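Sequence lines set the chain letters: A, B, ... in the order given, protein chains first and strands last, and positions in each chain run from 1. This one's a predicted model, so the numbers in the text were calculated from it and none came from an experiment.
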Amino acid sequence: MARFPTLSILIKTSSSSSYINLSTIFAKRLFNPTRGNATMGTKSRNSTIFYHLKNKRLDEARRCFNEIRTPDVSLYTMMIAGYCQIDRIDEALQMFYKMPVRDVVSWNSMMKGCIYCGYLEIARKLFDEMPHRTVVSWTTMISGFSKFGQIEMAKEFFSKMPSKDTAAWNSMIFCYCSYGRVEDAYNLFRNMPSRNVISWTTMISGLDQTGQTAKALALFQEMRSSGIEPTSSTFAIVLTACANILALDRGIQLHTHILKLGYELDPFISSTLITFYARCKQINDSVKVFQENSNTNVVMWTALVSGYGLSFDHEQALAVFRDMINVGVVPNQCTFTCALNSCSVLEALDKGKVIHSKAMKIGLGLDVFVANSLIAMYSKCGNIDDGVIIFNKMRERNLVSWNSVIVGCAQHGRAEMAFQIFNQMEQANIQPDEITFVSLLTACSHSTLLEKGRFFFELLKNHPGIQLKLEHYACMVDILGRSGKLEESEEFIKKMPIEPNSLIWLTLLGACKVHLNAEIATRAAEFALKLDPNCSAPYILLSNLYSSLNKWKDASRIRRVMKEKGIIKQPGRSWVTLRGSRHEFLSGDISHPLIKKIHQKLEWLNGKLKELGYVPDPSYALHDVEDEQKEVMLSYHSERLAIGFGLISTVEGSTLRVMKNLRVCGDCHSVIKLISKIVSREIIVRDSCRFHHFRDGNCSCGDHW
DNA sequence: GTAGGGTTAG
């Protein structure tokens, strides 16, 4: 990096008619410091200050500033702005009050600085104190109120200001848009005396951000028709709108337009294009945009990481993250969020841990966004304890932090901990939202806590500002059903103020299976199938229920109907991730290279199981339609193959993590409890519903699953 | 190079 500004800046000295390069002056000062101050002209001293201000080196700027006997108003103003930009508001204010003369620009600057540093009240005081106000003073205050959500104050100032220019109108439009009041914004937009490209761009963005993307694009067309040229900001916004509704062709047209105007290397445009193509499932075009821009920055890299994530290629997302680190680009909060999200989806605990340590090194380990992602990552990778540790360490938390840790506890069967954290949340005066309640109710259903469930549902119903959603009802149906209150659960569905979906009925059906109630189950299955005729779950659940009741004829009738309708059950799959690679097993799978050793291990385990008095429950073997055809024995269910593989491939005593796409079968659940005792290891199984922690012959779900 | 209005990654 050059220490001084390059040759582009030339100044004319007073003593000579020739032009002298700035760096020569700096060099002179550097090599001859004793002469420097005395011989330096005001102009060059100002240049030095500008240079330091630009690089945010305020102390050095101040040293030069102090050498000037009578700095003019503008120099003071620049120093003030410089202090504010690096959050040194006290020094800015001191300097402001020390100035011999203040003009309207310095007042406005000081107000802006206060707002930037979060001191709206001081800005307001300055506004009231200042001798003369211009339209800029008023507009500065309007954006200040807007920034802190004081819309009514912004409105009041806007109506009171003696004259308004376009920028003033724009700031009020932006204020409304920022808080979702697009109608109000649109009224102003239509009624303002003259509109510039910023007015149009602001309005387009406001419409898009409130989900009115079609209107936003129409407004863009109208803007074009009225002869206004878009700027790079406009393009960024309109491209985002296209991405939101996956309007690929429209976006490609914009891309052409962007190339014509030469905006393609603008970093804002590049990153927007990357995301646009990724969302439209054209990741190769994202890569092209990235590669064609030689000035990549952290946002563009992040856009590519997230782009691969949007394309469900999380392996590649993490590869891009690694490349980025290798070329020396420093990730920020957003990059970590994307990369950790990919780890969560891949359930790649090891990679997640590596990224966690990177974040800590950079000092972002407890950043609220990064920590939230870490909580989710640890929880989804089966390690809720580390998620809770991070949550407890956080100094700043937002609603997402609370929700992430509560949902994590719920999914891992830590109901008590979820409730405790919720209590803390209430004590901290943090308002819960829909997701908080889904998590709490999930915790109740996973541990079958009927009274607690009723309590939270009542709390939710009476909570102002929270709308009850299908998920809440589904949880309550589950809680009632699992508690054996099948009739009440069915009544509850019938009294729901919103239309139940198939999931609601399936939930009731699942509970009927647990409590072997064929009558309600039949009705629930009918409703579920009416709403989603091609779903296999009602057939499977009903057939399994009949099998458990030894009603073999009914069971096979259901399976026959299912076959006739061509409805296929999703095959059961289980997998273990070891050193970054995934080992997946289907039921009765013999394709794994270590299958012989796996079978040996399982046979050895079967012997030990028998010694413990375990008798297989044959009814579970009949539950699986596909298994029946393949003559697969219970002991070769996919989860057991995965566990057998895990046991022979990992260190004795270490925790084993297994993932499954469906719910763990009842027989396997009993067996895995015993296996955890036999091999003295913790086995964590994540099935389609939740996490099971098997340890010493027990499971964290307490058999409520 | 003294002040106000719109933009990118999640």
Side-chain angles (χ1 to χ4, degrees), chain A residues 5 9 46-54 61 71-82 84 99 102-113 115 130 133-144 146 161 164-175 177-178 192 195-206 208 230-240 243 263 266-276 278-279 286 290 297-307 309-310 331-342 369-370 372-373 400:
Chain A
I9 311 163
N46 283 359
S47 306
T48 317
I49 295 176
F50 298 151
Y51 171 67
H52 288 315
L53 284 175
K54 205 174 173 186
D72 65 7
V73 188
S74 67
L75 204 55
Y76 269 106
T77 310
M78 280 191 286
M79 287 297 298
I80 289 167
C84 291
M99 293 173 72
R102 285 176 281 273
D103 63 3
V104 67
V105 178
S106 36
W107 282 95
N108 289 343
S109 246
M110 192 63 244
M111 274 159 53
K112 182 199 175 182
I115 290 164
M130 66 194 292
R133 300 175 194 96
T134 61
V135 61
V136 176
S137 325
W138 288 88
T139 310
T140 303
M141 283 313 294
I142 290 172
S143 5
S146 168
M161 63 194 293
K164 303 174 177 69
D165 60 5
T166 307
W169 285 85
N170 290 347
S171 71
M172 196 59 221
I173 290 173
F174 180 67
C175 173
C177 286
S178 304
M192 66 196 290
R195 292 177 277 270
N196 61 14
V197 65
I198 296 179
S199 330
W200 288 92
T201 306
T202 308
M203 201 58 239
I204 292 169
S205 168
D208 178 49
T231 63
S232 69
S233 305
T234 324
F235 280 121
I237 286 165
V238 180
L239 263 176
T240 306
Y263 283 135
D266 177 313
F268 279 78
I269 294 291
S270 294
S271 40
T272 312
L273 278 168
I274 292 169
T275 304
F276 162 74
R279 290 187 73 173
S286 301
F290 182 86
N297 66 10
V298 61
V299 179
M300 287 172 61
W301 279 97
T302 306
L304 200 58
V305 174
S306 110
L310 290 168
N332 63 19
Q333 325 161 308
C334 190
T335 328
F336 281 115
T337 305
C338 297
L340 287 167
N341 174 46
S342 286
F369 287 91
V370 177
N372 290 351
S373 307
V400 178

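When the nucleotides B:dA9, B:dG4, B:dG1 are ranked by their closest atom to the side chain of A:Ser143, B:dG4 comes out on top. In this structure, of B:dA9, B:dG4, B:dG6, it is B:dG4 that holds the atom nearest to the side chain of A:Thr139. Comparing B:dT7, B:dG10, B:dA3 by their closest approach to the side chain of A:Ser232 singles out B:dT7. The side chain of A:Phe174 approaches B:dT7 more closely than any other nucleotide in the set B:dT7, B:dG10, B:dG4. The side chain of A:Ser233 lies closest to B:dG6 when the candidates are B:dG6, B:dG10, B:dA3. Taking the side chain of A:Val105 as heavy atoms from C-beta on, and the options B:dG6, B:dT2, B:dG10, the nearest nucleotide is B:dT2. Checking B:dG4, B:dG10, B:dA3 against the side-chain heavy atoms of A:Thr134 singles out B:dA3 as nearest. For A:Ala167, the listed nucleotide lying nearest its side chain is B:dG4; candidates were B:dG6, B:dA3, B:dG4. For A:Met78, taking side-chain heavy atoms from C-beta onward, the closest of the listed nucleotides B:dT2, B:dT8, B:dG10 is B:dT2. Comparing B:dG1, B:dG10, B:dT8 by their closest approach to the side chain of A:Ser271 singles out B:dT8.
In this structure, A:Met99 places its CE atom 13 Å from P of B:dA3, rounding to the nearest Å. A:Ile274 has its CD1 atom 14 Å from the P atom of B:dT8, to the nearest Å. Following rounding to the nearest Å, A:Asn341 (CG) and B:dG10 (P) show an atom-to-atom distance of 10 Å. Here B:dT8 presents its C1' atom at 10 Å from CE of A:Met300, a figure rounded to the nearest Å. In this entry the distance linking CZ of A:Phe268 with C1' of B:dT8 reads 6 Å, nearest Å. When rounded to the nearest whole Å, the span between CG of A:Leu340 and P of B:dG10 equals 15 Å. In this structure, CE of A:Met130 is placed 14 Å from P of B:dA3, rounded to the nearest angstrom. One atom, CE of A:Met203, and another, P of B:dT7, lie 13 Å apart when rounded to the nearest Å.
Atoms CE and OG, from A:Met79 and A:Ser74 in turn, are 12.5 Å apart once rounded to the nearest 0.5 Å. With values rounded to the nearest 0.5 angstrom, A:Ser171 atom OG is found 4.5 Å from A:Ile142 atom CD1.
Counting only N and O atoms by type, the side chains of A:Thr335 and A:Asn332 include a donor and acceptor under 3.5 Å apart.
Residue contacts for A:Thr231: at a heavy-atom cut-off of 4.0 Å it reaches a base atom on one of the strands shown. As judged by a 4.0 angstrom heavy-atom cut-off over every strand, A:Thr166 is placed among the base-contacting residues. Counting any heavy atom pair closer than 4.0 Å across all strands shown, A:Phe369 reaches a base atom. As judged by a 4.0 angstrom heavy-atom cut-off over every strand, A:Val73 is placed among residues making no nucleic acid contact. In this structure, A:Asp165 reaches the bases: a heavy-atom distance under 4.0 Å links it to at least one base atom across the strands shown. Looking at heavy-atom distances under 4.0 Å, A:Ser199 makes no contact with the nucleic acid at all. At a threshold of 4.0 angstrom between heavy atoms, the contacts of A:Cys338 are confined to the sugar-phosphate backbone, with no base atom among them.
With sequence neighbours left out, A:Thr202 forms a side-chain contact (heavy atoms from CB on, under 4.5 Å) with A:Ile173, A:Phe174, A:Ile198. Residues meeting the side-chain contact (heavy atoms from CB on, under 4.5 Å) test with A:Ser306, sequence neighbours left out: A:Leu310, A:Cys338.
At a cut-off of 3.5 angstrom, the base of B:dG1 holds no donor-acceptor pair with the side chain of A:Asn46. With hydrogens and angles ignored, no donor-acceptor pair closer than 3.5 Å exists between the side chain of A:Ser74 and the base of B:dG1.
Close to B:dA3, at under 4.0 Å from its OP1 or OP2, lies no side-chain N or O of A:Lys112. Dashed line: the shortest gap from a side-chain N or O of A:Ser109 to OP1 or OP2 of B:dT2 is not under 4.0 Å.
No side-chain donor-acceptor contact under 3.5 Å links A:Ser271 to the backbone of A:Met300.
A 4.5 Å side-chain heavy-atom check between A:Lys112 and A:Ile115 finds every atom pair outside the cut-off.
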